[in-house]
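Down below is the structure, laid out as structure tokens.
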Protein chains: 2
Amino acid sequence: MATLDRAECENRDLSDPLREFRYEFLLPEDVIYLDGNSLGARPKGAAERARAVIEDEWGTGLIRSWNTAGWFELPVTLGEKISGLIGGGAGTTVVTDSTSINLFKAASAALKLQAADAPERRVILTQRENFPSDIYMLQGLADQLGDGYEVRLVDDTEVTAGFPNTLTDEVALVVLTHVNYRTGRLFDLESTTAAVHAAGALVIWDLCHSAGALDIDLAGAGADMAVGCTYKFLNGGPGSPAFIWVSEAHQDRFAQPLSGWWSHENPFEMSPEYAPAAGSRRYLTGTQGILSMSVAELGLDIFGRVDMAAVRAKSLDLSDTFIELVDTRLSHHPIEVVTPREHEHRGSQVSIAHPEGFAVMSALIERGIIGDYREPSVLRFGLTPLYIGFAEVWDTVEALRDILDNRLWDAPQHKVRGAVT
Amino acid sequence: MATLDRAECENRDLSDPLREFRYEFLLPEDVIYLDGNSLGARPKGAAERARAVIEDEWGTGLIRSWNTAGWFELPVTLGEKISGLIGGGAGTTVVTDSTSINLFKAASAALKLQAADAPERRVILTQRENFPSDIYMLQGLADQLGDGYEVRLVDDTEVTAGFPNTLTDEVALVVLTHVNYRTGRLFDLESTTAAVHAAGALVIWDLCHSAGALDIDLAGAGADMAVGCTYKFLNGGPGSPAFIWVSEAHQDRFAQPLSGWWSHENPFEMSPEYAPAAGSRRYLTGTQGILSMSVAELGLDIFGRVDMAAVRAKSLDLSDTFIELVDTRLSHHPIEVVTPREHEHRGSQVSIAHPEGFAVMSALIERGIIGDYREPSVLRFGLTPLYIGFAEVWDTVEALRDILDNRLWDAPQHKVRGAVT
């Protein structure tokens with residue numbers, strides 16, 4: 001095996017089959033961007049797409065563009081493109097609203113299915129370390145339902161072990177993040193889904209940190225529902241709309257309380273009687289932000305030309321490289337690699353803990369190496385295979401070494417809130 | 001009084017104090033745009049704003065822009081601007097999500113207040129002719145709550161009369177559109193709110209068809225909550241985000257089930273325990289589409305320089321003119337003016353019914369005069385005082401006369417769905 005130095009990293013870049021995709025994105029020249037797991041990079045052509053939507057579709061087409069420019073169909077149009085990346089199958093996915101709101105819809109619908117089939121089940125399980133908004137939404141739903149509905153939090157180890165202690169016959173629904181936003185731990189879609197089903201519960205997966213980074217097969221795993229966002233690995237733009245997937249098996253019985261007119265079978269009849277649309281439109285609610293959605297399509301279109309197995313392979317190569325460099329070049333510092341070392345438990349990021357994590361990340365950012373920080377003491381580096389290379393991983397670890405060896409973190413800091421996980 | 005002819009209409013345009021605002025918008029030269037009550041016109045600078053957000057904030061600022069470009073604060077920043085137009089008061093309004101979703105939040109919170117104060121009240125009243133999505137959302141909420149919650153539909157005449165028959169002591173909440181989307185009928189904010197309160201119920205107003213067109217004083221009227229959109233009279237762009245207002249009196253007790261992390265008092269602590277933010281942030285849920293929201297700010301900024309009393313006065317002048325021309329120049333056709341003739345019952349549109357309404361509107365649109373059609377047989381003309389003038393009203397009615405006199409509506413039609421009311 002070649003010595004792992006910068007030349008070897010450059011070699012790996014040269015033989016990278018995804019190398020050309022780097023040129024689909026515009027990034028500042030003086031930046032190494034390792035926060036694409038929080039906000040993806042800007043695809044080429046995004047400003048031009050926005051200009052066309054504003055000048056041609058809105059400005060000239062005006063109200064007519066709801067039909068002529070396909071605005072009304074965008075949630076389905078984009079949903080079909082996402083479906084191809086997550087193994088959803090045709091007609092099962094829409095892009096709409098936020099992840100939190102889509103989770104509320106999915107969890108409401110799942111509990112309604114269980115209320116019909118197994119009414120004594122009233123517990124929702126989710127990871128204590130799930131992204132907090134998911135927990136808050138489930139709590140809000142349980143509070144609204146009353147009648148004994150409750151949310152129980154479980155440790156990641158319990159999930160990985162197949163729920164030996166918590167998946168009782170009280171459990172109606174399990175809501176799981178596919179990849180932990182902070183640690184980067186990956187949970188196995190297929191075996192976990194099987195464990196949940198064996199216990200008589202339904203499962204909703206949150207793919208925020210895996211869609212666009214992993215080769216996902218929701219239908220193959222037999223999952224029930226899923227939600228996720230488009231602004232991380234899918235490069236949809238800041239706060240671009242989220243997605244919701246429902247398995248074909250549940251689609252016809254899917255009933256959600258946020259039943260606005262975009263989910264109506266005949267929205268333009270303006271009937272006071274609600275009747276849900278057939279197919280994936282029934283997951284919609286109200287009118288969608290067309291500008292954000294139109295620009296998000298650019299990011300998805302890039303993925304239409306990508307082999308997700310190649311993305312996953314490169315992601316693991318990048319994180320293997322990162323971890324090896326931390327092990328070999330930073331071993332004299334009090335650093336812990338938080339992200340699991342086993343491929344089957346690793347998403348597409350490397351998180352490391354250091355007692356001065358916040359200050360160290362601030363110093364890195366001062367140098368144009370942008371990762372982010374999560375409490376407590378975690379430096380988080382997102383590895384986005386379409387636009388990050390091996391030499392950049394080398395340079396990042398070298399910058400870390402310089403900062404740590406020379407205690408360069410006492411410089412003025414800015415607070416990196418990273419509003420989007 | 002001068003004879004009402006085109007010259008007189010031109011005179012009215014010359015003496016219009018809002019005339020200069022026409023130049024704040026870019027409209028195609030060959031179009032008379034009377035659908036600004038469905039999708040407002042494009043403000044100058046919208047494409048440039050989108051370019052700056054994409055190239056500078058997203059492209060260069062990347063994740064840092066959540067702080068440095070004020071992205072995280074946009075819901076509050078824009079909310080304060082709307083608040084000034086609706087008499088909301090500082091710190092009471094946010095821009096977020098869709099109108100339907102905001103109505104779900106407000107209605108959930110209002111019913112929760114009543115459940116504490118008057119638990120026997122479980123009926124939601126709303127107009128049978130309310131925009132259907134509002135009805136669907138309330139139905140979805142009532143179904144989810146169960147326990148005897150129900151939605152009852154009332155006629156507009158019942159509302160205008162002060163609810164002589166329906167506002168019983170079973171009623172917890174009344175949800176009212178301020179202006180009927182189809183007929184243009186306006187409901188009096190102050191007296192109706194007082195009638196609802198006198199009966200022990202709370203009221204939520206839907207301002208979709210009045211915000212930006214009428215001089216509104218929510219706090220002065222003592223209203224409880226309100227929702228509305230920014231893409232009609234506020235010119236925010238297709239599907240731009242909606243707003244929600246809660247009176248100061250209810251703010252501290254406002255609790256909603258869509259309690260995502262953007263409503264948390266300390267979202268970046270990533271605590272698994274939910275605690276609502278103080279102030280208007282507690283009406284938020286998840287991450288917002290920054291591109292759509294940033295462009296929507298342009299439309300709001302124009303209103304920062306507008307006197308809403310002057311807007312209302314011109315709106316009534318425009319609709320008076322329209323109705324007078326229909327009465328005098330189209331009286332030989334089977335046309336009914338659907339919009340109320342009394343100023344106190346009229347919003348900012350003129351709706352007329354004709355048996356061939358759909359075909360006639362299609363013929364108008366073929367000529368570049370864009371209104372829209374609503375079942376059954378209603379031609380709808382939105383009158384947006386910032387960019388529509390009196391000569392355009394004249395030309396519209398003349399085109400109608402030509403089409404009707406010469407039966408020119410048998411030309412090929414396109415279906416104008418007008419996806420946004």
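To find a chain, count down the sequence lines: A is the first, B the second, and so on, and within it residues start at 1.
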N235(B) CG to W58(A) CH2 distance, which is reported to the nearest 0.5 Å: 7.0 Å
Taking C-beta and beyond as the side chain, do S108(B) and Q144(A) meet within less than 4.5 Å on heavy atoms? yes
Heaviest contributor of heavy-atom pairs below 4.5 Å to chain B, chosen from P238(A), G140(A), S65(A), P241(A), is P238(A)
Looking only at heavy atoms and a cut-off of under 4.5 Å, which of L111(A), T99(A), V295(A) has the most pairs with chain B? V295(A)
Determine the interplanar angle of the F131(B) and W261(A) rings, folded into 0 to 90°, and report it as parallel if under 30°, tilted if 30 to 60°, perpendicular if over 60°. perpendicular
One should read off an interatomic distance between E273(B) CD and Y136(A) OH, to the nearest 0.5 angstrom, of 8.5 Å
Ignoring hydrogens, what is the shortest heavy-atom contact between S100(A) and G286(B)? Give both atom names and the distance. OG-CA, 4.2 Å
What is the distance from atom CG of L258(B) to atom CG of L258(A), rounded to the nearest 0.5 Å? 6.0 Å
What part of F25(B) gets within 4.5 angstrom of chain A, counting heavy atoms only: side chain, backbone, both, or neither? neither
Counting heavy-atom pairs under 4.5 Å with chain B, which one of A296(A), P28(A), P257(A), G146(A) comes out on top? P257(A)
Return the minimal non-hydrogen interatomic distance between P272(B) and I135(A), and the atom names on each side. O-CG2, 3.6 Å
When rounded to the nearest 0.5 Å, the distance separating CG of L34(B) from CD1 of I63(A) is 12.5 Å
For a quick test of reading the model, state the closest non-hydrogen atom pair linking W66(A) to G239(B) and the distance between them. CZ2-N, 4.3 Å
Shortest non-hydrogen contact from S133(B) to G260(A)? OG-CA, 3.4 Å
Taking the six-membered ring for Trp, are F104(B) and F104(A) parallel (under 30°), tilted (30 to 60°) or perpendicular (over 60°)? perpendicular
Side chain, backbone, both or neither: which part of L141(B) has a heavy atom under 4.5 Å from chain A? both
Of all heavy-atom pairs between A47(A) and R51(B), which one has the smallest distance, and what is that distance? CB-CG, 4.4 Å
pair L62(B)-D35(A): side-chain heavy atoms closer than 4.5 Å: no
Given the rule in the side-chain contact (heavy atoms from CB on, under 4.5 Å) test, do L39(A) and W71(B) qualify, once you have shown the distances and angles that lead to the verdict? CA-CA 13 Å; L39(A) 172 65; W71(B) 287 350; 3.7 Å; yes
Any idea which heavy atoms bring I54(A) and R42(B) closest together, and the distance? O-CD, 3.3 Å
Hey, mind stepping through D143(A) and Y274(B) against side-chain contact (heavy atoms from CB on, under 4.5 Å) and telling me if it holds? CA-CA 12 Å; D143(A) 288 351; Y274(B) 180 72; over 6 Å; no
Would you mind telling me which of N130(A), L26(A), I370(A), T60(A) has the largest number of heavy-atom pairs within less than 4.5 Å of chain B? I370(A)
Please classify the contact of Q256(A) with chain B as side chain, backbone, both or neither, using a heavy-atom distance under 4.5 Å. neither
side-chain contact (heavy atoms from CB on, under 4.5 Å), that's the test. Do S98(A) and T287(B) meet it? Break it down for me. CA-CA 6 Å; S98(A) 66; T287(B) 307; 5.5 Å; no
Residue selection (most heavy-atom pairs with chain A, distance under 4.5 Å) from S271(B), A50(B), S263(B), G36(B): S271(B)
What option among Q288(B), E55(B), E57(B), M293(B) has the most heavy-atom pairs under 4.5 Å with chain A? E55(B)
Which of A142(A), P376(A), G237(A) touches chain B most, by non-hydrogen pairs under 4.5 Å: G237(A)
Per-residue contact mode, Q139(A) against chain B (heavy atom under 4.5 angstrom): neither
